[in-house]
2 protein chains.
Amino acid sequence: MKLGNMSVPGDCGSISPILARIGDKWSTLIILVLSEGPKRYSVLRREIESISQRMLTLTLRALERDGLILRTVHADKNPPQVEYELTDLGKTLIDPLYALCLWASQNCDAIEENRKKHEAEQADA
Amino acid sequence: MKLGNMSVPGDCGSISPILARIGDKWSTLIILVLSEGPKRYSVLRREIESISQRMLTLTLRALERDGLILRTVHADKNPPQVEYELTDLGKTLIDPLYALCLWASQNCDAIEENRKKHEAEQADA
DNA sequence: CTGCATCCCACATGATACTG
DNA sequence: CAGTATCATGTGGGATGCAG
């Protein structure tokens, strides 16, 4: 795939699935939250208010499977604790993801505005 | 939301929907393809092989609604032509998106490997 | 050529309840 | 605390056919 002057090594068919994973509803959020440092399961749940227990578990597993996060069980503790943290690979995702986040926060107003404007035009027609 | 030393203006509740939009299955691909320049509907269809007509239209409409792309109809032409291009707002997305793409292409092998390794460990247990 | 409408199914996600 | 299991559901997305 090429992008203007830039070119992406590898075909776009191979990056699309990756994009799908990190772009899914929760992965990005989880990675960003974990970028602050290791967190326990319950902490993640609290910080990502809207996520359901189920999806938190599923997403964490998927990210672990891909080697983006590390899951550490402290079985000796009572109550039991499980800590999640980014792997080195996972950490390399912080920067690009943060850039995207920044873009989103900077432009969400503009998008919102465009949406309203568009609705208004629709009403005319 | 905070990310290590960095902090994101606005709460994460507001950026999540944005991330969801640009992170959906097709938006990223379409934006990247359009970053090469304006394209006609049929051209987009050809370049993004796996997309269905329906999803192409739907995604284009959504992106247009958000002011990321511009839709221009050349009604005078025969056969009719419709051209899509990135708006200025849309163009600001290229860089962060490209960064992500680059990451994906650079690390998809590592991820693939991790996945296999993980499966092997599962088999042991 | 462009693209809308309809049908339809699979899957992703949510809610709730239960377990070690 | 950290999950798992089950059920219910909404939506994404493909196929097809029609229209301007």
Side-chain angles (χ1 to χ4, degrees), chain A residues 13 16-31 33-34 38-66 69-85 118-119 121-122 125, chain B residues 12-13 16-31 33-34 38-66 69-85 118 121-122 125:
Chain A
S16 189
I18 310 282
L19 254 34
R21 158 154 323 294
I22 63 184
D24 84 19
K25 197 171 178 184
W26 303 112
S27 299
T28 304
L29 239 27
I30 290 180
I31 291 173
V33 168
L34 280 179
K39 308 251 183 183
R40 287 174 40 204
Y41 184 86
S42 56
V43 175
L44 287 172
R45 248 183 100 184
R46 227 172 306 126
E47 299 210 350
I48 311 177
E49 298 182 21
S50 48
I51 198 172
S52 68
Q53 204 173 22
R54 171 193 165 79
M55 287 321 296
L56 178 54
T57 299
L58 284 181
T59 309
L60 285 171
R61 295 280 194 243
L63 292 173
E64 185 196 4
R65 198 166 52 93
D66 289 351
I69 66 176
L70 186 64
R71 179 173 178 268
T72 311
V73 183
H74 302 279
D76 48 332
K77 299 284 184 60
N78 189 329
Q81 291 188 1
V82 180
E83 230 179 25
Y84 294 91
E85 61 187 309
H118 198 77
E119 278 178 27
E121 288 168 12
Q122 290 296 9
Chain B
C12 80
S16 188
I18 310 283
L19 255 32
R21 159 153 324 293
I22 62 184
D24 82 21
K25 197 171 178 183
W26 303 112
S27 299
T28 304
L29 239 27
I30 290 181
I31 291 173
V33 169
L34 280 179
K39 308 252 182 181
R40 284 176 42 205
Y41 185 85
S42 55
V43 175
L44 287 172
R45 250 183 99 184
R46 228 172 307 126
E47 299 210 351
I48 311 179
E49 299 182 19
S50 48
I51 198 171
S52 67
Q53 203 174 24
R54 170 194 165 81
M55 288 321 296
L56 179 55
T57 300
L58 284 181
T59 309
L60 286 171
R61 294 285 191 229
L63 292 173
E64 186 196 3
R65 200 165 52 92
D66 289 352
I69 66 175
L70 186 65
R71 178 173 179 269
T72 312
V73 183
H74 302 278
D76 49 332
K77 300 283 185 56
N78 190 328
Q81 289 188 359
V82 181
E83 229 178 27
Y84 295 91
E85 61 186 309
H118 198 77
E121 289 169 10
Q122 291 296 7

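Below, read A as the first sequence line, B as the second, and so on, with proteins coming before strands; counting in each chain starts at 1.
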Whole-Å gap separating [atom2] ([N]) and [atom1] ([X]):
| X | N | atom1 | atom2 | result |
| --- | --- | --- | --- | --- |
| B:I51 | D:dG12 | CD1 | C1' | 12 Å |
| A:Y41 | C:dG20 | OH | C1' | 14 Å |
| A:R54 | C:dT16 | CZ | C1' | 12 Å |
| B:Q53 | D:dA15 | CD | P | 11 Å |
| A:L60 | D:dT4 | CG | P | 10 Å |
| A:D24 | D:dG12 | CG | C1' | 14 Å |
| A:L58 | C:dC11 | CG | P | 15 Å |
| B:H74 | C:dG3 | NE2 | C1' | 16 Å |

[N], OP1 or OP2 - any side-chain N/O from [X] closer than 4.0 Å?
| X | N | value |
| --- | --- | --- |
| B:R45 | C:dG3 | no |
| B:S52 | D:dG14 | yes |
| A:S42 | D:dA2 | yes |
| B:R71 | C:dG3 | yes |
| A:Y84 | D:dC1 | no |

As a test of reading the structure: which of D:dC1, D:dG3, D:dG13 is closest to the side chain of A:P80, going by heavy atoms?
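Looking only at heavy atoms from C-beta outward on A:P80, the closest nucleotide is D:dC1.
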The side chain of A:M55 lies closest to which of these nucleotides: C:dT13, C:dG3, D:dG13?
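Shortest atom-to-atom distance from the side chain points to C:dT13.
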Using heavy atoms to find the nearest nucleotide of DNA chain C for A:S50 and B:T57 separately, return the residue whose nucleotide is more 5′.
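With A:S50 and B:T57 compared, the 5'-side residue is B:T57.
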Identify the residue among A:M55, A:R54, A:R61 that makes a side chain to side chain contact (heavy atoms under 4.5 Å, CB included) with A:T57.
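Option passing the side chain to side chain contact (heavy atoms under 4.5 Å, CB included) with A:T57: A:R61.
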Distance, nearest 0.5 Å, that separates CD of A:E64 from CG of A:D66
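CG of A:D66 is found 10.0 Å from CD of A:E64.
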